[in-house]
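Below you'll find the structure, written out as structure tokens, and then a few comments.
Every chain is numbered from 1 and lettered A, B, ... according to where its sequence line falls, protein lines coming before strand lines. Source: prediction; values computed, not measured.
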Amino acid sequence: MEPADDQLRDLLDGVEEALPAGELERKVRQVARGERPPLRVKLGLDPTKPDIHLGHTVQLRKLRDFQRHGHTAVLIIGGFTAQVGDPSGRSTTRPRLTPAEVAANAATYLEQAGRVLLPERLEVVDNSTWLGRLALPDVLGLTAQMTVARMLERSDFSARYREGRPIAIAEFLYPLLQGQDSVEVTSDVELGGTDQTFNLLVGRDLQQAAGQEPQTVLTMPLIEGLDGSAKMSKTAGNTIDVDDDPAEMFGKVMRIRDELLVKYLRLVTDVPPDEVDRVAAGLADGSLHPGDQKRRLAREIVAALHGPGDAAAAEERFNVQFRDRAIPDDVPEHPVGDDGDVFLPALLTGAGLAGTGSEARRLVTSGGVRLDGEVLTDPTAQLPAASLRGRVLQVGRRRFVRLT
RNA sequence: GGUGGGAUACCCAAGCGGCCAACGGGGCCUGACUGUAAAUCAGGUGGCUCAGCCUUCCGAGGUUCGAAUCCUCGUCCCACCA
């Protein structure tokens with residue numbers, strides 16, 4: 001184990017809050033002195049949606065930091081808790097998922113989380129293995145540890161309560177279940193987003209009641225999504241998904257707001273902290289151009305999740321499509337008939353470039369449809385099928401189809 | 001359990017018998033500008049081979065020449081009281 005100071009600087013980089021203050025330092029030093037085994041660091045992911053996005057990777061990356069320093073990552077797939085629904089930060093009750101949906105999501109989560117985590121010093125467990133076996137007396141025992149008043153101290157609950165929106169009793173149970181996970185895996189540290197603080201602290205209480213040393217709580221900042229305002233979430237539809245293909249991922253990163261650049265650089269890339277500080281200063285005094293730095297960010301992110309080769313290819317494609325405003329060469333194909341005329345709105349909907357004929361007409365009317373770069377103006381054009389073969393139909397700046 | 005109020009397009013929200021495919025805002029889409037950033041500006045945002053037609057305003061009936069608007073029943077939501 002390396003010197004504890006270096007390790008601590010690394011582990012605390014980007015961390016929003018470490019509770020209680022100084023506890024992580026103490027634990028890490030104990031490990032460094034050989035007074036205790038490597039730390040067991042817990043991160044829970046509820047497979048409520050099919051894909052992991054960049055927001056999740058903030059925590060996964062932190063978990064990997066611990067792995068790199070010799071600690072053990074305990075990744076909990078919340079097969080059971082996903083069906084309860086985490087109320088954190090929610091203004092409404094989450095829709096409940098079926099076990100089948102949860103199982104399907106869990107499979108993709110594991111694969112996607114694996115792109116960030118190291119394969120060694122990794123434990124993966126599904127909390128339905130123990131939570132699913134709790135009997136009513138066990139559940140009552142858990143609920144006895146928490147008071148309604150404490151639950152209502154949470155801003156998300158109190159806001160909902162005040163505004164008369166429903167809070168399901170199952171939602172009160174959620175933090176207790178998450179805390180029970182900590183008892184089951186005897187975690188020394190638990191990671192989570194800042195909106196998880198309450199849940200993470202409940203784990204401490206339950207561990208103490210079970211005679212365990214309570215876990216240290218480490219919260220990571222939430223990152224904003226593509227729209228720049230809300231936190232990144234599937235519900236808001238503003239995610240950059242781990243599973244996005246390289247070109248799409250590169251393009252999405254280029255679309256984030258400038259204000260988020262430094263935060264992303266710090267939280268979702270391997271760029272060293274000192275370097276991030278240097279970039280931040282350069283952007284502030286105008287010596288660095290945001291466009292260049294965003295390119296770099298996009299390269300870093302795509303390279304980390306797909307590979308350097310894919311990152312270079314994605315950037316090249318980006319240059320062609322947006323800098324040169326040319327037509328990329330790997331566009332999907334759509335067959336046109338052999339003979340007769342093709343009605344333009346039908347062609348657009350058939351190729352998936354418009355949802356309805358009406359929408360297609362509107363797109364043409366507003367000048368958003370191009371054929372080989374040439375703007376089409378007649379919304380009801382009848383085009384000879386033979387003349388379309390091999391040409392590229394385009395809607396807006398991003399959607400292309402090659403007619404064959 | 002009682003008494004009031006409400007359900008309008010993706011979201012919020014006007015409309016309260018014809019001028020309503022339905023004001024306004026948000027979001028989203030397209031265009032201009034640009035660094036596929038932000039900000040700004042313009043247009044669009046139910047369907048349909050579209051100067052027209054068709055289907056919409058929680059659901060089912062009804063009144064009327066005519067209903068999102070009035071009546072009846074049903075469903076769901078909210079507030080106050082218990």
In whole angstroms, how far is the P atom of B:G44 from the CZ atom of A:Arg361? 17 Å
Exactly one of A:Glu123, A:Glu190, A:Glu184 clears salt bridge (charged side-chain N to carboxylate O under 4.0 Å, His left out) with A:Lys42, and that residue is A:Glu190
Under 3.5 Å for both donor-acceptor distances, Watson-Crick or wobble: does B:G52 have a partner, and if so which one? B:C48
Ignoring backbone atoms, test whether A:Ser366 places a side-chain nitrogen or oxygen under 4.0 Å from the OP1 or OP2 oxygen of B:G43. no
Tell me the closest heavy-atom pair linking A:Gln67 and A:Glu120, and the distance in Å. NE2-O, 3.1 Å
Residues A:Arg115, A:His306; criterion side chain to side chain contact (heavy atoms under 4.5 Å, CB included); working and verdict: CA-CA 8 Å; A:Arg115 294 192 213 173; A:His306 288 282; 4.1 Å; yes
Side-chain donor/acceptor contact of A:Asp292 with base of B:G35 under 3.5 Å: no
Separation of atom CZ in A:Phe322 from atom P in B:U36, rounded to whole Å: 8 Å
Between B:U36 atom P and A:Asp244 atom CG, what is the distance in whole Å? 19 Å
Write down the partner of B:G74 under the Watson-Crick or G-U wobble criteria, each distance required to be under 3.5 Å. B:C58
May I have the distance from A:Glu224 (atom CD) to B:A38 (atom P), rounded to whole angstrom? 14 Å
Roughly how far, to the nearest 0.5 Å, is the CD1 atom of A:Ile301 from the CG atom of A:Asp270? 11.0 Å
B:U34: pairing nucleotide in any strand, Watson-Crick or G-U under 3.5 angstrom: none
Quick check on B:C33: is either OP1 or OP2 less than 4.0 Å from any side-chain nitrogen or oxygen of A:Arg397? no
Can you tell me how far P of B:G31 sits from CG of A:Leu363, to the nearest Å? 9 Å
Quick one: look up who B:A79 pairs with, Watson-Crick or G-U, both distances under 3.5 Å, and put none if it's unpaired. B:U3
